[in-house]
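Shown below is the structure under consideration.
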Number of protein chains: 2
Amino acid sequence: MTRRTKQREAILDALADAGRPLTPIEMQDAAESASPGISQSTVYRTIKLLVEAGEAVPVPVPGEPDRYEHASAAEHHHHHFKCDACGKVFDLEGCSGSMKNMLPEGFTLRDHEIFLYGDCPACAGA
Amino acid sequence: MTRRTKQREAILDALADAGRPLTPIEMQDAAESASPGISQSTVYRTIKLLVEAGEAVPVPVPGEPDRYEHASAAEHHHHHFKCDACGKVFDLEGCSGSMKNMLPEGFTLRDHEIFLYGDCPACAGA
DNA sequence: CTAGTTGCAAAGCATTTGCCTGTGG
DNA sequence: CCACAGGCAAATGCTTTGCAACTAG
């Protein structure tokens, strides 16, 4: 039912190698060398499959299309950083703690998402 | 150059009255009674104008289209809560503090965004 | 073999833009 | 008056889907 094809390997490898969340376009570019001519439909379909299979995790980015990261990155609670200059999203370790003190009366808390913005080392240096 | 029309008043009033960030669709619905037949183009064009004029502020929601809130709500630093059940976004007071401890070596911090998820009082009660 | 996969092109959505009519000042 | 605004519809940009050809197992 889940067949092993070079397109799927290319996409999963791209995610694993990147070490950071990728957009569908970035995945397609990264997969292009391992599987030339790979189509966008395949990229999107494969993303959906990988997410359902738990091998990839969607990373919602405020105001932008979702990115996706390899499941191994999602094993621990973490957040993300987006570079103002190059637009890349990076993983951040840790979490500043509970958000409960921000919650008004009557609301229940299930999860939270934190995004930091600034410059990544490569761009800050330039 | 900025003409006062009933469509623009309807949209600005909708934002002011809502007291929480609205999607373009929600704005159109809310403006419908004050300005029947208002078109989507007008809603989007007006949003853009209001944002440029500083009367409305975009609220980026992870994985979803932007919402917008009235400028008065953005005068102080705050974050947002999204209800899992009804999908509405609410303003939250305060901020749990600095995020600098999450930042790896070499990154610079400009801003941050926090989103909490759970149930709002209306939905949690039901 | 043959059901799962792929590529292409068309279809969907949300948002933007062009164009011509309408109207605020 | 007449330049700014509004409504409609076509155009975008991103993502999904239908379909016929292809291929892994």
Side-chain angles (χ1 to χ4, degrees), chain A residues 1-15 18 21-69 82 87-89, chain B residues 1-15 18 21-69 80 82 86-89:
Chain A
M1 176 177 152
T2 296
R3 200 172 283 179
R4 154 178 293 271
T5 65
K6 66 173 184 298
Q7 288 89 340
R8 291 192 182 168
E9 287 202 332
I11 290 175
L12 199 46
D13 284 353
L15 275 185
L22 298 180
T23 62
I25 308 283
E26 287 175 321
M27 282 185 235
Q28 187 177 15
D29 289 346
E32 177 67 28
S33 56
S35 178
I38 188 170
S39 70
Q40 287 204 35
S41 350
T42 299
V43 173
Y44 282 108
R45 274 190 284 233
T46 304
I47 289 171
K48 184 179 268 185
L49 281 176
L50 292 177
V51 169
E52 284 170 359
E55 300 189 68
V57 179
V59 176
V61 182
E64 291 185 36
D66 279 2
R67 294 167 190 242
Y68 300 85
E69 64 187 350
K82 176 161 184 235
K88 284 179 186 163
V89 172
Chain B
M1 177 177 150
T2 296
R3 201 173 282 178
R4 154 176 295 270
T5 65
K6 67 172 182 297
Q7 286 90 341
R8 292 193 181 168
E9 286 201 333
I11 291 176
L12 200 46
D13 284 352
L15 275 185
L22 298 180
T23 62
I25 308 283
E26 287 175 321
M27 281 185 237
Q28 187 177 15
D29 289 346
E32 177 67 29
S33 56
S35 178
I38 187 170
S39 70
Q40 288 204 34
S41 348
T42 299
V43 174
Y44 282 109
R45 274 191 281 235
T46 304
I47 289 171
K48 185 179 268 186
L49 280 176
L50 291 177
V51 169
E52 285 170 359
E55 300 189 69
V57 179
V59 176
V61 182
E64 291 185 35
D66 279 2
R67 294 166 190 242
Y68 300 84
E69 65 187 350
H80 300 95
K82 176 162 183 233
C86 66
K88 284 180 186 163
V89 171

Rounded distance (Å) that lies between atom C1' of D:dT16 and atom CD of A:Glu52: 13 Å
A:Ile38 side chain, from C-beta outward: closest of D:dG25, C:dT6, C:dG7: C:dG7
Gap separating the CZ atom of B:Arg8 from the CD atom of B:Glu55, nearest 0.5 angstrom: 10.0 Å
Just how far is it from atom CD of A:Glu26 to atom CG of A:Leu15, taken to the nearest 0.5 Å? 10.0 Å
Strictly under 4.0 angstrom, non-hydrogen atoms only: write out the protein contact profile of nucleotides 11-21 of chain C, one letter per nucleotide from the 5' end, B, S or -. ---SBBBB---
Nearest to the side chain of A:Gln7 - C:dG7, D:dG7, C:dG24? C:dG7
With a cut-off of less than 4.0 Å, is there a side-chain N or O of B:Ser39 near OP1 or OP2 of D:dC8? no
What pair of heavy atoms forms the shortest contact from A:Met27 to A:Ile11, and how long is it? SD-CG2, 4.1 Å
Here the gap from A:Lys6 atom NZ to A:Asp13 atom CG, rounded to the nearest 0.5 Å, amounts to 13.5 Å
Contact under 4.0 Å: B:Arg8 side-chain N or O vs C:dG24 OP1/OP2: no
Please give, in whole Å, the distance from D:dA3 C1' to B:Leu49 CG? 15 Å
Give a yes/no answer on whether the side chain of A:Thr5 brings an N or O atom under 4.0 Å of OP1 or OP2 in C:dT5. no
CD1 on A:Ile47 to CG on A:Leu22, rounded to 0.5 Å: 9.0 Å
A:Ile47 CD1 to C:dT5 P: how many Å, rounded? 16 Å
If you look at every heavy atom in A:Ser33 and A:Ala30, which pair is closest and at what distance? OG-O, 3.6 Å
Tell me which nucleotide among D:dG7, D:dC4, C:dG4 gets nearest to the side chain of B:Arg3. D:dC4
